[in-house]
Amino acid sequence: MAYWLIKSEPDAYSWDQQVADGTGPWTGVRNHSAKLNLQAMKLGDRAFFYHSNEGKEIVGIAEVVKEAYPDPTAKEGPWVCVDVKAVGPMPKPVSLAAIKAEPRLAEMALVKLSRLSVQPVTAAEWALVCKMGGWKG
DNA sequence: GCCAACGTTGGC
DNA sequence: GCCAACGTTGGC
């Protein structure tokens with residue numbers, strides 16, 4: 001299984017919205033690096049749900065329930081989306097500040113490539129962030 | 001094919 | 001609101 005981090009501005013699509021929807025398409029990616037990551041996602045992969053701009057913290061965990069397919073919100077171009085399901089909220093949301101304060105997370109894409117909206121997360125990073133967030137999974 | 005200008009994202 | 005980082009565009 002692989003791990004990811006997906007970013008959304010709460011104004012556009014919040015974790016609460018994802019929870020209310022249960023399963024929903026993750027659309028609107030218009031960046032080639034992010035697109036490649038979407039295409040690499042497999043059924044059952046898990047992803048941190050990160051709120052950018054407002055909150056700036058990992059607020060929940062989602063699971064890939066449908067692999068990459070053409071993004072219906074894209075009028076043109078090779079863009080894709082996946083479907084994700086809300087698995088559960090982080091008991092203690094992990095903030096960007098907390099991640100930056102943790103030396104073992106200094107290499108996270110979230111820190112190094114702050115503008116990339118779909119990022120890979122290593123198994124070690126995943127385990128550590130889960131521990132910091134109090135996630136029992 | 002290079003590079004300057006511009007737009008967008010996102011942290012502060 | 002500002003600015004740094006990055007992607008895209010367009011002139012040459």
Side-chain angles (χ1 to χ4, degrees):
Chain A
M1 182 192 312
Y3 301 104
W4 309 92
L5 182 145
I6 55 181
K7 260 199 292 200
S8 182
E9 296 190 35
D11 285 347
Y13 192 74
S14 68
W15 170 251
D16 287 345
Q17 184 72 48
Q18 178 76 54
V19 170
D21 290 350
T23 296
W26 192 264
T27 59
V29 170
R30 299 292 183 269
N31 171 283
H32 291 286
S33 299
K35 188 192 80 168
L36 290 176
N37 289 330
L38 283 178
Q39 290 174 324
M41 287 184 178
K42 298 295 179 191
L43 277 181
D45 281 359
R46 294 209 159 176
F48 290 131
F49 194 115
Y50 176 79
H51 277 174
S52 63
N53 271 324
E54 291 205 20
K56 283 174 294 181
E57 57 191 9
I58 293 168
V59 289
I61 287 177
E63 183 175 318
V64 177
V65 292
K66 184 174 180 181
E67 295 179 10
Y69 60 97
D71 184 340
T73 70
K75 289 197 175 60
E76 57 186 37
W79 306 113
V80 301
C81 62
V82 298
D83 284 0
V84 296
K85 176 183 70 175
V87 176
M90 270 293 173
K92 292 182 293 178
V94 179
S95 69
L96 180 63
I99 288 168
K100 285 187 168 177
E102 170 51 68
R104 285 172 291 174
L105 297 177
E107 297 298 315
M108 271 191 81
L110 186 63
V111 177
K112 295 219 144 182
L113 303 170
S114 63
R115 287 187 55 200
L116 185 58
S117 56
V118 180
Q119 329 180 335
V121 174
T122 69
E125 289 162 355
W126 181 270
L128 186 51
V129 172
C130 284
K131 189 178 175 188
M132 291 164 69
W135 176 263
K136 312 278 196 287

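Convention: sequence-line order gives letters A, B, ...; per-chain numbering from 1.
The CG-P distance, from A:L110 to B:dG10, rounds to 10 Å in whole Å. Taking atom NE2 of residue A:H32 and atom C1' of nucleotide C:dT8, one finds them 9 Å apart after rounding to whole Å. Protein atom CG of A:L113 is 13 Å distant from nucleotide atom C1' of B:dG10, rounded to whole Å. A straight line from CG of A:L5 to P of B:dG10 spans 11 Å, rounded to a whole angstrom. A:I99 has its CD1 atom 16 Å from the C1' atom of B:dC12, to the nearest Å. Between A:I6 atom CD1 and B:dG10 atom P there is a gap of 13 Å when expressed in whole angstrom units.
Phosphate contact (OP1/OP2 of B:dG10, side-chain N/O of A:K7, threshold under 4.0 Å): present. When the side-chain nitrogen and oxygen atoms of A:Y50 are compared with OP1 and OP2 of B:dG11, one or more of them lie within a distance under 4.0 Å.
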B/S/- contact track for nucleotides 1-7 of chain B, protein heavy atom under 4.0 Å: -------
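In this structure, A:S52 contributes its side chain and A:K7 its backbone to no donor-acceptor pair below 3.5 Å. Between the side chain of A:E67 and the backbone N or O of A:L43, at least one donor-acceptor pair lies under 3.5 Å. Side-chain atoms of A:D71 come within 3.5 Å of backbone N or O of A:G28 as a donor-acceptor pair.
Think of A:M108 as one node in a network of Ile, Leu, Val, Met, Phe, Trp and Tyr side chains linked at under 4.5 Å; its network also takes in A:M1, A:Y3, A:L5, A:F48, A:Y50, A:I58, A:I61, A:V87, A:M90, A:V94, A:L96, A:I99, A:L105, A:L110, A:V111, A:V121, A:W126, A:L128, A:V129, A:M132, A:W135.
Among the protein residues, A:L96 comes within range of the sugar-phosphate backbone only, with heavy atoms under 4.0 Å from sugar or phosphate atoms but none that close to a base.
No continuous path of hydrophobic side-chain contacts links A:L116 to A:V84 [ILVMFWY only; heavy atoms under 4.5 Å].
A distance of 9.0 Å separates OG1 in A:T23 from CD in A:E63, rounded to the nearest 0.5 Å.
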